[in-house]
S.K.: 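Handing you this structure, nothing more for now.
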Amino acid sequence: MRLHELTIHGALELLRRRDISATELTQALLDRIVDVDNDIKAYLTLTPETALQEARKADELRAAGTDGALLGIPLAIKDNICLAGVPTTCGSRILESFVPPYDATVVTQLRHAGAVFLGKTNLDEFAMGSSTENSAFFTTHNPWDLTRVPGGSSGGSAAALIADEALGAFGSDTGGSVRQPASLCSIAGMKPTYGRVSRYGLVAFASSLDQIGPLGKDVTDCALLLNVIARYDPRDSTSLDAPVPDYTTALRPEIKGLRIGVPREYFAAGIQPGVEKAVRNAIQVLADLGADIAETSLPHTEYALPVYYLLATAEASANLARYDGIKYGYSAPDAPDIWEAYRRTRQHGFGAEVKRRIMLGTYALSAGYYDAYYLKAQKVRTLIKQDFDQAFQQFDVLVGPTSPTVAFRIGEKVDDPLQMYLSDVFTLSQPLAGICALSLPCGFVSSPVCPVFSPGQGVGTAGTGRKVRGMANGLPVGLQISGPALGEEIVLRVAYAYEQATEWHTRKPKIKEEY
Ligand code: GLN
């Protein structure tokens with residue numbers, strides 16, 4: 001196995017045995033990025049010099065007898081999480097020149113654990129989207145088929161990981177942005193319980209929903225990453241001061257007698273037959289492992305989408321008011337007065353989807369409409385949460401699909417925001433309820449061979465002068481496992497048991513085919 005193909009736990013074993021050095025490992029990842037990222041476009045910013053410095057420091061520490069939970073492990077960070085001294089653009093023109101002077105708390109925790117930072121990954125502008133097509137800079141390509149989206153908004157992190165351009169990655173999940181790209185790229189990705197992980201230094205989108213989450217090549221890696229970032233943080237007033245278990249102790253392939261609910265609303269019209277089949281097969285695997293499976297209902301599921309898009313846009317409109325051209329990033333030049341400066345800055349700095357959401361949110365919050373929209377949505381949010389409360393009295397976890405479809409084509413949904421929003425139908429309820437959920441690979445749907453050489457989309461010569469094209473790899477399907485608040489351990493346990501019984505997580509895309 002080549003170094004960039006390692007999992008975190010695999011790499012840690014080799015590093016601890018001194019079979020490899022962190023410097024070698026980091027260099028292998030940087031080489032891999034040079035090799036494939038022209039095609040994938042997962043990274044917005046690379047930090048090779050500091051990555052190698054961090055790796056050398058990790059080697060020195062190890063030589064001095066120190067260990068760390070992630071000592072020498074190269075990671076990718078979504079570009080809405082602040083890393084001191086490195087541009088944090090949020091995929092937006094308005095923050096193009098913003099260089100934070102501080103680290104997000106998760107980054108501080110990762111540094112203490114010895115991690116190496118390879119760079120910042122692409123996302124939909126301000127994490128608003130499901131495909132990375134809303135990035136102001138470029139769209140990331142799905143490594144399984146370069147003509148398709150990697151999901152979003154953490155599509156850069158998910159694509160980087162499955163293309164072996166990082167050993168682990170972080171994203172943020174407001175309505176599915178870790179789980180949906182994890183599903184579309186065939187990796188494991190978790191949205192922890194609201195408050196479990198600090199958001200200090202995460203650029204705010206919708207504050208009652210946002211949560212940073214880990215993406216791993218397998219469930220063990222997710223647990224290792226979560227171990228480092230799940231902490232109380234006095235700098236985040238929504239942070240939970242709850243005991244933090246060692247999540248790796250949850251990794252036992254033993255789920256006999258666990259009660260697993262299958263919400264019937266998660267198999268509604270609109271789900272692709274191949275997705276349904278893969279998920280039903282996965283549920284059978286869980287049954288074969290001895291879990292007690294039963295159908296259940298989350299009756300308010302159909303309201304999750306309207307509720308989410310009211311609340312998330314309302315909160316976004318308030319959070320994004322701070323981008324006025326005075327405090328951060330882009331500022332329109334030559335404005336005759338302050339009002340015009342605000343207007344021009346926001347007009348040029350924000351993309352279409354962000355503007356749409358600011359307008360929707362401002363409308364929902366405005367006098368005369370507040371009760372009808374915002375307040376009503378808050379009430380229905382409580383009903384959605386109560387659905388889960390009731391379900392978790394009967395079941396340890398709930399399972400279903402993460403996304404109703406496999407990865408869709410780049411451009412397919414950009415002109416139809418509602419279709420785009422529908423990609424999240426199964427991932428919106430959990431953040432609304434504040435609970436945790438994880439997506440992991442559970443199968444593939446075969447895809448037709450795609451003649452995808454398309455210079456306009458950046459799928460081209462990969463910097464080698466040789467033409468490359470997407471391959472008929474089949475497109476991945478994700479299984480979503482939802483657990484109660486602070487139920488990360490049980491979710492990880494079920495995920496691990498499933499993973500041990502299957503081989504989906506070992507499949508890798510063939511990114512390049514030379515011809
Ligand atoms: N795709 C959803 C949206 O556009 C979720 C985004 C997210 O989780 N950040 O809002």
Side-chain angles (χ1 to χ4, degrees), residues 77-81 90-92 121-135 139-140 149-158 169-185 189-192 194 197 199 202-215 304-317 319-320 350-361 364 377 381 402-405 407-408 412-414 416-439 478 480 482:
I77 306 288
K78 185 178 182 179
D79 204 24
N80 60 352
I81 299 174
C90 272
S92 181
T121 52
N122 197 23
L123 68 159
D124 290 292
E125 186 173 3
F126 285 102
M128 297 176 187
S130 312
S131 67
T132 77
E133 289 166 293
N134 293 336
S135 167
T139 298
T140 299
V149 302
S153 64
S154 314
S157 284
F170 285 89
S172 64
D173 191 312
T174 304
S177 276
V178 165
R179 291 161 288 152
Q180 185 257 15
S183 172
L184 270 45
C185 288
M190 186 169 214
K191 185 208 96 71
Y194 188 72
V197 174
R199 287 104 48 85
L202 168 70
V203 178
F205 160 15
S207 306
S208 77
L209 299 155
D210 296 341
Q211 188 65 90
I212 292 175
L215 296 128
L305 196 131
V307 166
Y308 172 86
Y309 278 97
L310 275 167
L311 298 180
T313 56
E315 293 181 24
S317 73
N319 274 325
L320 272 56
F350 288 138
E353 180 63 21
V354 174
K355 285 178 186 156
R356 180 181 301 126
R357 294 195 188 203
I358 291 173
M359 286 191 286
L360 271 170
R381 179 180 193 170
T402 306
S403 162
T405 70
F408 44 94
E412 193 178 317
K413 299 189 183 183
V414 269
D416 189 346
L418 197 60
Q419 275 307 313
M420 191 69 94
Y421 296 171
L422 280 167
S423 343
D424 306 309
V425 278
F426 303 137
T427 51
L428 299 170
S429 308
Q430 299 82 359
L432 286 169
I435 62 173
C436 61
L438 174 147
S439 178
Q480 178 166 231
S482 305

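Atoms within a ligand are numbered from 1 in the order they appear, just like the ligands themselves.
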S.K.: List, for ligand 1, each N/O atom that has a protein N/O partner under 3.5 Å away, with both atom names and the distance.
M.R.:
unit_1: ligand 1; atom_1: 1 (N); unit_2: Gly129; atom_2: O; d: 2.8
unit_1: ligand 1; atom_1: 1 (N); unit_2: Ser130; atom_2: OG; d: 3.0
unit_1: ligand 1; atom_1: 1 (N); unit_2: Asp424; atom_2: OD1; d: 3.4
unit_1: ligand 1; atom_1: 1 (N); unit_2: Asp424; atom_2: OD2; d: 2.8
unit_1: ligand 1; atom_1: 4 (O); unit_2: Gly129; atom_2: N; d: 2.9
unit_1: ligand 1; atom_1: 4 (O); unit_2: Tyr309; atom_2: OH; d: 3.4
unit_1: ligand 1; atom_1: 4 (O); unit_2: Arg357; atom_2: NH1; d: 3.3
unit_1: ligand 1; atom_1: 4 (O); unit_2: Arg357; atom_2: NH2; d: 2.7
unit_1: ligand 1; atom_1: 8 (O); unit_2: Thr174; atom_2: N; d: 2.8
unit_1: ligand 1; atom_1: 8 (O); unit_2: Gly175; atom_2: N; d: 2.6
unit_1: ligand 1; atom_1: 8 (O); unit_2: Gly176; atom_2: N; d: 3.3
unit_1: ligand 1; atom_1: 8 (O); unit_2: Ser177; atom_2: N; d: 3.0
unit_1: ligand 1; atom_1: 8 (O); unit_2: Ser177; atom_2: OG; d: 2.7
unit_1: ligand 1; atom_1: 9 (N); unit_2: Ala127; atom_2: O; d: 2.8
unit_1: ligand 1; atom_1: 9 (N); unit_2: Thr174; atom_2: OG1; d: 3.4
unit_1: ligand 1; atom_1: 9 (N); unit_2: Ser177; atom_2: OG; d: 2.7
unit_1: ligand 1; atom_1: 10 (O); unit_2: Tyr308; atom_2: OH; d: 2.6
unit_1: ligand 1; atom_1: 10 (O); unit_2: Arg357; atom_2: NH1; d: 2.8

S.K.: Under 4.5 Å between any side-chain heavy atoms of Cys90 and Asn80, yes or no?
M.R.: yes
S.K.: Nearest 0.5 angstrom please: Gln480 CD to Gln180 CD, how far?
M.R.: 11.0 Å
S.K.: Taking the inter-plane angle between the rings of Phe205 and Tyr308 on a 0 to 90° scale, is it parallel (under 30°), tilted (30 to 60°) or perpendicular (over 60°)?
M.R.: perpendicular
S.K.: Side chain of Thr132, backbone of Thr139: donor and acceptor closer than 3.5 Å?
M.R.: no
S.K.: Under the side chain to side chain contact (heavy atoms under 4.5 Å, CB included) test, which residues partner Ala204, sequence neighbours left out?
M.R.: Ser207, Asp210, Asn319, Arg322
S.K.: Check step by step if side chain to side chain contact (heavy atoms under 4.5 Å, CB included) holds for Thr405 and Glu412.
M.R.: CA-CA 13 Å; Thr405 70; Glu412 193 178 317; over 6 Å; no
